[in-house]
There are 2 protein chains.
Amino acid sequence: MAAVEGDDSATTGGSTLGYALLSLLTRGPATGYQLTQQVKAPLGHFWTARHSQIYPELARLAAAGWVDSVEQAGPGPRAKKTYAVTPAGLAALRAWLVIPPTAQPRSEITLKAYAATSADPTAMAALYTDLADRSTRLLAEYEHDAARMRAVGQDDPTHPRFGNYAVLMMGVESQRAVHRWARWLASCLRTGRPAAYGETAD
Amino acid sequence: MAAVEGDDSATTGGSTLGYALLSLLTRGPATGYQLTQQVKAPLGHFWTARHSQIYPELARLAAAGWVDSVEQAGPGPRAKKTYAVTPAGLAALRAWLVIPPTAQPRSEITLKAYAATSADPTAMAALYTDLADRSTRLLAEYEHDAARMRAVGQDDPTHPRFGNYAVLMMGVESQRAVHRWARWLASCLRTGRPAAYGETAD
DNA sequence: GCCCACATGTAATCAGTTACATGATTCT
DNA sequence: AGAATCATGTAACTGATTACATGTGGGC
């Protein structure tokens, strides 16, 4: 319930994780455990969080008045808490959404490519061949999910779960990009000579 | 120098940042200051680090015997140290390079898209239109750099700086992916109706 | 009886950012 | 005289992972 008098939410400018949880809760009320499951897909392709990070963050959101919770008797020693977004929480989320993000991407596989010439070419080529294979599998999986979503009209921006579709489409684009790049790089390292894009047949 | 008796390097399994610095140092010896500059491009498109993180990490690498340093008189109150990779450091780097990476990507802009329906559609469409514009500019920049590199034969996998070219090509692929996705998403949010890929003309 | 799913928390550690701190040289 | 570049470090804090800790109910 958290009936606080002073509005902390103005001073407490939430963390990115906090907004991620609010986004998940706009789909409907959930427990910390359920949020841990829901963050896995499709959001998990571009954002992850463990339960050990989620539970304290939910407590902070509740203290700020951005979510409230109802307690039921839980299976374990502690009570089970179901969280829901408050109007203040939704307002905070809406304000955050339209701020242009600045965070740089971090890609370990690209970092390894930077030092490609220091490694054994055969082993390195295998690494990028495996990556290309993995992206093929992921792409098939994502496109299958996307087709299912289109079938139920989730590609319509007025659908309440349109965001799931948008994230999935980013997954499709990303994996296509990774696939082309990894195939090209593997080809370069395998042959020891420059390869042009498109030269690497599928 | 760091003439340690026991080989710490086996137990001290380095951090990702450590390997990133070793990768940079394979281009030639450098000071901490130079590494902070060099990490900006092209590696900075996919990996960043501030000087406050680099200096302590260089000290750890030196303690592990993976780099050594020579001191010169510096401009400030402290001595300037130029670092170089040791054979042990190169071996550690080579071992790390061929391990398949597991780290998930994190994309704040995709997270925001997940909650797109909670925001004002006009403001949200503007966000992704701006992103599409930014990716256009970055793409032009990256392709210009790539053309310069090809002109000097840096697209050859035997060229010592081939890694710079490989990272840049990932930048090209990524920005193309972001561009297509952002244009599609902006179109969806602007019109309020589903848009297919390719429908959004450039 | 054992493993799995449900369910919630804390502690220790690692990674990364922001801010503090110093001081020489060169350009405008 | 002031700003920018060169140059190196530390401290405080935030973000995220790994590991510790507890306990129920259901299926094999």
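Every chain is numbered from 1, with letters handed out A, B, ... down the list of sequences.
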**Q.** Comparing B:Pro75 and A:Trp47 on DNA chain D - which has the more 5′ nearest nucleotide
**A.** B:Pro75
Nearest-Å distance for atom pair [atom1]/[atom2], residues [X] and [N]:
| X | N | atom1 | atom2 | answer |
| --- | --- | --- | --- | --- |
| B:Arg60 | D:dG9 | CZ | C1' | 13 Å |
| A:Ile54 | C:dC6 | CD1 | P | 15 Å |
| B:Glu57 | C:dG16 | CD | P | 9 Å |
| B:Leu35 | D:dA7 | CG | P | 12 Å |
| A:Leu58 | C:dA7 | CG | P | 14 Å |
| B:Leu61 | C:dA15 | CG | C1' | 15 Å |
| B:Gln37 | D:dA7 | CD | C1' | 10 Å |
| B:Glu71 | D:dA7 | CD | C1' | 13 Å |

Q | Minimum-distance nucleotide (side-chain atoms of A:His51 versus D:dA16, C:dG9, D:dT24) | A | C:dG9
Q | Per A:Lys81 side chain, nearest of listed nucleotides D:dT18, C:dG16, C:dT8 | A | C:dT8
Contact under 4.0 Å: [X] side-chain N or O vs [N] OP1/OP2:
| X | N | value |
| --- | --- | --- |
| B:Lys80 | C:dA24 | no |
| A:Arg78 | C:dT10 | no |
| A:Tyr55 | C:dG9 | no |
| B:Gln53 | C:dT17 | yes |
| A:Tyr33 | C:dC6 | yes |
| A:Arg106 | C:dT17 | yes |

Q) Taking the nucleotide of DNA chain C with the closest heavy atom to each, which residue, B:Arg50 or A:Thr31, is nearer the 5' end? A)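 Residue closer to the 5' terminus by nearest nucleotide: A:Thr31.
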Q) For A:Gln34 and B:Pro77, take the nucleotide of DNA chain C holding the closest heavy atom to each; which residue's nucleotide lies nearer the 5' end? A)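 Taking each residue's closest nucleotide, the earlier one in sequence belongs to A:Gln34.
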Q: Check whether NZ of the Lys or CZ of the Arg B:Arg190 lies under 6.0 Å from the centre of the six-membered ring of B:Tyr128 and within 45 degrees of that ring's axis.
A: no
Q. Within 45° of the ring axis of A:Tyr142 and under 6.0 Å from its six-membered ring centre, is that where the NZ or CZ of A:Arg137 lies?
A. no
Is the side chain of [X] donor-acceptor paired with the backbone N or O of [Y] at a distance under 3.5 Å, no angle test?
| X | Y | result |
| --- | --- | --- |
| B:Thr48 | B:Gly44 | no |
| A:Thr86 | A:Trp66 | yes |
| B:Gln154 | B:Arg161 | yes |

Q: Classify the nucleic acid contact of B:Ser52 as base, sugar-phosphate or nothing, counting any heavy atom under 4.0 Å across all strands shown.
A: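 If one applies the 4.0 Å heavy-atom cut-off, B:Ser52 turns out to touch a base.
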Q: Just call it for A:Gly74: base, sugar-phosphate, or nothing, with non-hydrogen atoms closer than 4.0 Å on any strand.
A: nothing
Q) Hey, are B:Glu143 and B:Arg176 close enough for a salt bridge, meaning a charged N less than 4.0 Å from a carboxylate O? A) yes
